[in-house]
Every structure is written in structure tokens, then in C-alpha cells.
Amino acid sequence: MPSKDIKLNEQVKLQNSVSFAKRFKGVDWRDYIVYIAFIGVIIYFSVTLYDDGFLTTSNLLNIARQTAMISIMGVAMTFVISTGEIDLSVGSITALASLTAALALKAGLGLLGGVAVGLGTGLVIGVVNGLLITKVAIPSFLVTLGMMGIVKGLAMWITDTAPVPIVHSTFNFLFGSGDIGSIPILLVWTLVITVIGHIILKKTAFGRQTLATGGNEMAAKFTGVKTSKIKFLVFVGSGLMAGFAGLLYAGRMHAGRFTFGEGDELSVIAAVILGGTSLFGGVGTVIGTVIGSLMIGTINNGLIIMGLDVSQQMIVKGLIIILAVAFGRKTLKK
Amino acid sequence: MQQPLLSMEGISKSFNGIKVLDSVNFSLHKGEVHALMGGNGAGKSTLMKILTGVYTADEGEIFIEGKKVSINNTEDAKRNYISMIFQEFSLVPTLTVAQNIFLTREPKNSIGFLNEKLCNEKTKELLKELEVDVEPTDVIANLGVGYWQMTEIAKALSQNTKILIMDEPTSSLTKKETEVLFDIIHKLKEKGISIIYISHRMDEIFQICDRITVLRDGKKITTENCDEISMETVIQHIVGADLDKAFEWKERVYSTEGTPVLEVKNLASGTKVKNISFRLYPGEILGVAGLMGSGRSEMVRAIFGIDPIDGGEIFVKGKKCTIKDPVDAINVGIALIPEDRRMQGLILQHSVKENIILPILSKIKRGIFLDNRKANDIAETFVKTLNIKTDDIFKTVRLLSGGNQQKIVLAKWLANNPDILVLDEPTIGVDIGAKTEIMDIIRKLADSGKAVLVISSELQELLAVSDRIIVVHGGEVVKELKRKEIHSEEVLQHAIQGH
């Protein structure tokens, strides 16, 4: 019967529109606050600083170069924070790794040797962090706070605070200074690590178990998730990526130096939280982290072009971070 | 007829165009204990949230002592002397009883500093009134759950509450604590305080309530005096359609010859489990009865590798196995549906799908990636077969009702296809409709050849599903009964009490 068909059609249409409306309603803009804020910041600087060259390709690529280390450490930190833990030692690790890599290159171990020693430095510290947190059951905040001091001390001690120059041109090209065509190699590394991190978090069993561990450790344990193993691995990953960031600092500056990465741990944590990862664990996003990192970098860059001095930069940066997180709060009172 | 203390008239409320309350009337007399019953999604909590100012009604009016009031927020509710005691208590564990009771209303001295002494004295009076044996200076975390509830009640009293709402107040209490609570409820009645009592436990309701109101699908079905209605009728009102003899036991056929799928010999663990032995056969449902503290939950924890085993042996399909952590237990084919699903069973902020696939992540991989389509299929299938009421598989588990949450915990383990299912209090805090469904699922699982161990403090439920029942007392198996030999609940009750 045609009339019945029409009715049925209408019903289907109605249902479709309802489900569409519902889907639309289900989208909470607060989940995307970092993207909105990031676009807002870009538009603002583009308009106000257009004549000062903010929107030039070279300046934008510069931002990508400056934020690469924070982004890369942020990817690994997203996993750590997703399990409900924290890693404060990453800044110090970059310093020590830059020095050990530089020393290895100086000693003639070659490109692979230098890279292996730098990454190995981060890996070993990550393993120690992981063991202390899972086996000795010390809260990660304390373990990594202590480790931050120890590693920094080692970095200063190893060459008596002297920088170690790197003359290995392939190393310097691959880890920081090079460009592929007009694309800075640091941007390439950022993209590669981001994509890998995103896939691991969202598409693999390990990622799912990471989020489960942070979401409800007891339930995850009862389900057979080896939560200690997961936690151990995220700290190893964080150490490893901090070591990698150390290589990038070294390659970019053609030297290893104990001052590299100073205060980076806080920038990294800020990027992760700004990106939408929950400080209490269970919810995490790698892409959000990288956008968060880019946003902090863009703000830095814009403020410098504006001619603000360091003290003003710090104040404005702090305000923007607090505002962005405040607007993203679900518990915001209506 | 006297004027009611509270009367809610024609209350309606919709969310996203779906009517969850449809012109509901509810009244409460001074000094009355009024039970509010209904299945999940019947509208009980919405109605109470309207009364306490968490939600505002779309339509309808609220009268207190005949005067129309508007309750738009929790402050308004407090002003009208309405308090609610939540299922999950709202106490700060690190503070003392007195500090909790007067939190945000701390007595201060003339220069504005806290007056601890006055605070403790006032608390002492309150506790004395309730005849609760606690010191005001006791820290909450050091007290039993039962005392937390007393503290909540004392807190409500200190605010001169006239209407007290209790949501599943006995769900975490032992039998003894429940008795103490009932004594207190009687005292509150005498003081003229009215109580709205939300519970799924029929026997309790008939024990202490004066009237019962049943809601179903957002509508009021009936309000009756407790002594004029039978339990059977109440159940029928709640379920709607005729309750298909959910609690009736049917003899099931299975073989107890051959190798048991699980055999526990002289198990000892910690101080609570001393000497437990039993056998569980494929297709069998073995009930475990015992009082709170008898060691039954601890026994489960030991078998599943959560607590260390101090003595004894566990055989699965005739093979001796060492179970050191849950992973070992899962690997030999045991699944545990734990007692506290919110703390131990689910990741509340994750979706239905993510919870269901958590134990089988390694089985739905394609290369190193998760097979998303397969994951969705599995989740969809379980939502359908277990009749889980959710908008879709991406909905956050936190937003679902207790019964549906429990079904998700079940789905989670069924997806892993275990041989042995251990269910600890499978229907706690679940409404009668979902309870029936869960018991049916248990029966079907056993029919399909799985071995099921059910631990429950609800004897009715144990008697309805078990083929055999072992009774645990003081950490030992003191009795083993074939279901056929148990002719009444009393027989089992006696066994459990240890005589």
C-alpha cells in the first residue's frame, strides 16, 4: 500500500533526523577546547601580527621546530598520565641523554653508537623509574621527583658542567638541524612519533589496557590486565622518548649540554592536560597533546614577535593555559 | 484523614523528549516510613532528585504541610528540611565523625576559630539520641560501613530534617547492622520524622514500612498499606507482566561422574579461609551460602588469585594448577564476576563496548591492531543477547542502571568463553526485573555446559538457581546440601547460622 509506504518512509526520515540531532547533541564542544583555542590563537596572531611576519612559512616552521621536543615527550607522557601516574624526570633525562650521546660520538662510536647511547640513557632511567614504581610501590610523583634531581646532577657531573660539541654532521642533520626539502626534520620526527603514539593508544590492546589501568586499576586487575606491566612499560616509553628528545636538542644545537630540557617536564605535562588527557587517568589523547604543545609554542612565538619581555610572556602563557583548561572543565557551573 | 506532610502532585519530567515521569502523585505522612519501589528506569531516582532539588519538574507541584513550595536546588530542599542519604556515602574518610557531621556548618567561637569542643559535644548528643556506640572523635575510615550510615543519619538529624530519603540503605550492611538501622528508623518515626525508603529488598520493606508506592515506566502504579498487600502482588506491580516464576527451582540434569572441572582441596588463605574443599562439575550450579565474614568472599578471592593461597590445592579439569594472580586464573578458564561491580568490575568512565572487550583484547587483534569491526560486533551481540538497555555500545557505563551494569560485567566474561564462572553476589542492588533475567542467564550458561559457582546472601536466589549448596562458616565448609533435599528456606537458614 503506497500510503503506508510513505508513512514508513516519513518515519524512517524522522528517525534519521532524530539520530542526527542526537549525534550532534552528543558532541560536547568542551572535548575540543584545545582545538578551538589553538585556532583562536592562530587567528588572533595572524591578524594582529600579520605585518610582523607571524603567518610566514618560515615562522610557522620555526614554531614546529621549537615545539618538537615537547610534542614528542608529550606523546609518551600522554600514556603515563593516562594510567594515572606522572613522570617529572623527563626534562633532566633530555640533558643527560644529549651529553651521553655527544660523548659517545666524540669517542668515535659512530652515528648508531651515539644514537644507541642517547636512547639507552633514557631507556635505563625509564626502567629504573618503572621498577621503583611497580616493584617497590613508591608513588610515581616521588620516584620521578627524586630521579629528576639525580639525573640532573649526573648531567652536570659527567663533564663538570662543560658542554660537549658534536661535529658529526649526519647526526646533526638527522636529529635536529636538517631539512627535507623545505620541511624541517624535527617536524618529520614529530609527525612520525605522533602517528605511532596515536595508533598505539587508540588501536592496540596495549593502548586500551593503558586507559583501563588509569580508569579503574582494581577493575582492570580483576579483568586480568597486568597493570604493573602496563605501568612499567609507560615509564620505559617516557624515558625512551625523553632520551630521543635529548638527541634532538643535541642535533639542533650541535652539542650536548646539561641545561637542555630545563623545565620541560612542566611544559610537557601542561601540553598533555591542555590536550584533554585526564590528570586522574582513564582518558587520553595523543593528538590533543600535540595540539596542546603546538598551542603553547605558538603563544610563545607570538608573544616574542609582539615584543613582550620574558616576564610578560610567562604571565600571559600561564593565563592562557589556565583559561583553556577552565573552559574545558565538565564541571563548569552553568 | 490528616493532611500529609509532603505531597507531590502531577509530577512530570522529560529528558530529550522522553518522558521519564508522567504525572506522578506521591504523599508522605508525618512519622511514616514509605517504601518507593520500581524497576530500573521506573523513575524512582528522578522523582527523588526532583524532591531534593537536583532536577526541577516540568510539570506538577510540591506541597509541604499544605503549603506550596518550589524546590529549585539542593539549598531549597535543605530549607524545607529534606535530606537524602546516598547509596555511596558522602563522607570524608579522613575526618572524624563530628567533623563530618558539621562540615560547612562548623561551630565557631567568638573570634571565628573552630570550636572543636562544642562540635564534639553536639555530636555526642546526636549519637546518644540514636543510641549509636561511636565516639565523635572517631575517624570515619576506621569505622565499619554500618557506622558511616549512622553518621549520615546523625548529620541529617543535626539539620532538623523532617523528610529523610534513604536509597538502598542496607545494601552494604551486615545483618546485624541492618537490625541496628531498623531500630534507628523506629526511633526516627517516634520523633515524627518521615522516611522515604528506596529498596529492592522485599522482606525489609514489609518489616519496616507503613506504605508502599510502586512506579513503573514513569507512572505511579499503586500506593497501598503494607499490611494490605502481598509480596507477590508487589512483585507483579513492579514487573508489570505476570512474573514468570523466577524464583521457582527446576531440577536440572547433569553428570557428577568423571572429573570435576574445578576441585578445591583444603584451601587456606589469610585469617578468614581455613579449610575449604568442594567439587564443581560441568553444567552444574553450585551455590555458596554463608554469613558476611564467614570467609565466602575471601575464598573466591583466593581461588581467583587476588589473595595469596597459604595452603591446599586447586585442580582444574583434574590438573593441579598454581594460581598466583588473576591472569593465571583467567588462563585456566576461570572468570570472576566480583561483588563490587563499580569498584572491581567496571571502568565506569569507559563505554559499554570498551568494557566488554577488555578481557579479550588479545583475541580480536588483526596484526598488532585491534579489529574494531569485530569489537563492535561482539559488543552489539552481547547487548542484544543479554538485553542490556543502552542507547548504543558507545554509551558511558556510568550512566546505566545497576542491572544493566551487572549484565555488562557478565558480557565481559562471557566474551572470554570461560569454563568456570564465579559470581559473587550477582544480583546485589539490582531490581527484580533484571534479577530475573540474570538468574535466567545463569541457568542458560549451566545448560550450555559451563560450571557456575554462585555466592549470595539472598537465600531465595540461591535456592532458585543452585543444584547443590555448600555452607561456609568460620572459613570452613560445614555442610553440603543437595537442592532436592532442601525443602524450605529455613533449612538453609539454620545451616548458615551454624547450627
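The sequence lines fix the lettering, A, B, ..., with proteins before strands; numbering per chain opens at 1.
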| message | Looking at every non-hydrogen atom in both residues, tell me the closest pair between A:G224 and B:I330 and how far apart they are. | response | CA-CD1, 3.3 Å
| message | With a 6.0 Å cut-off (strictly less than), is the heavy-atom count around NZ of A:K202, excluding the residue itself, greater than 12? | response | yes
| remark: Highest number of heavy-atom pairs under 4.5 Å with chain A among B:L348, B:D328, B:L358 belongs to B:L358
| request: Against chain B, label A:K203 side chain, backbone, both or neither, depending on which of its atoms sit under 4.5 Å from a heavy atom there. | output: both
| query | Can B:I368 and A:F206 be said to form a side chain to side chain contact (heavy atoms under 4.5 Å, CB included), step by step? | reply | CA-CA 10 Å; B:I368 60 160; A:F206 174 76; over 6 Å; no
| query | What part of B:I357 lies closer than 4.5 angstrom to a heavy atom of chain A: side chain, backbone, both or neither? | reply | side chain
| Tell me, side chain or backbone of A:I200 under 4.5 Å from chain B's heavy atoms, or both, or neither? | neither
| field | Part of B:R301 within contact of chain A (heavy atom distance under 4.5 Å) | value | side chain
| message | Tell me if a side-chain donor or acceptor on B:H350 pairs with a main-chain N or O of A:A212 at a distance below 3.5 Å. | response | no
| From CZ (B:R342) to CG (A:N216), nearest 0.5 Å | 10.5 Å
| Which one of B:P359, B:P338, B:P326 satisfies the side chain to side chain contact (heavy atoms under 4.5 Å, CB included) criterion with A:T223? | B:P359
| Portion of A:Q209 that has a non-hydrogen atom of chain B nearer than 4.5 angstrom | both
| task | Determine whether more than 12 heavy atoms belonging to other residues, nucleotides or ligands lie under 6.0 Å from atom CZ of B:F394. | result | yes
| message | Rounded to the nearest 0.5 Å, what separates atom CG in B:L346 from atom CE in A:M218? | response | 13.0 Å
| query | Shortest non-hydrogen contact from B:I347 to A:G215? | reply | CG2-CA, 3.8 Å
| Are more than 12 heavy atoms from other residues, nucleotides or ligands located less than 6.0 Å from atom NZ of B:K324? | no
| task | Using a cut-off of 6.0 Å, state whether more than 12 heavy atoms not belonging to A:K221 lie near its atom NZ. | result | no
| Closest non-hydrogen atom pair between B:Q344 and A:F222, with its separation | O-CB, 3.4 Å
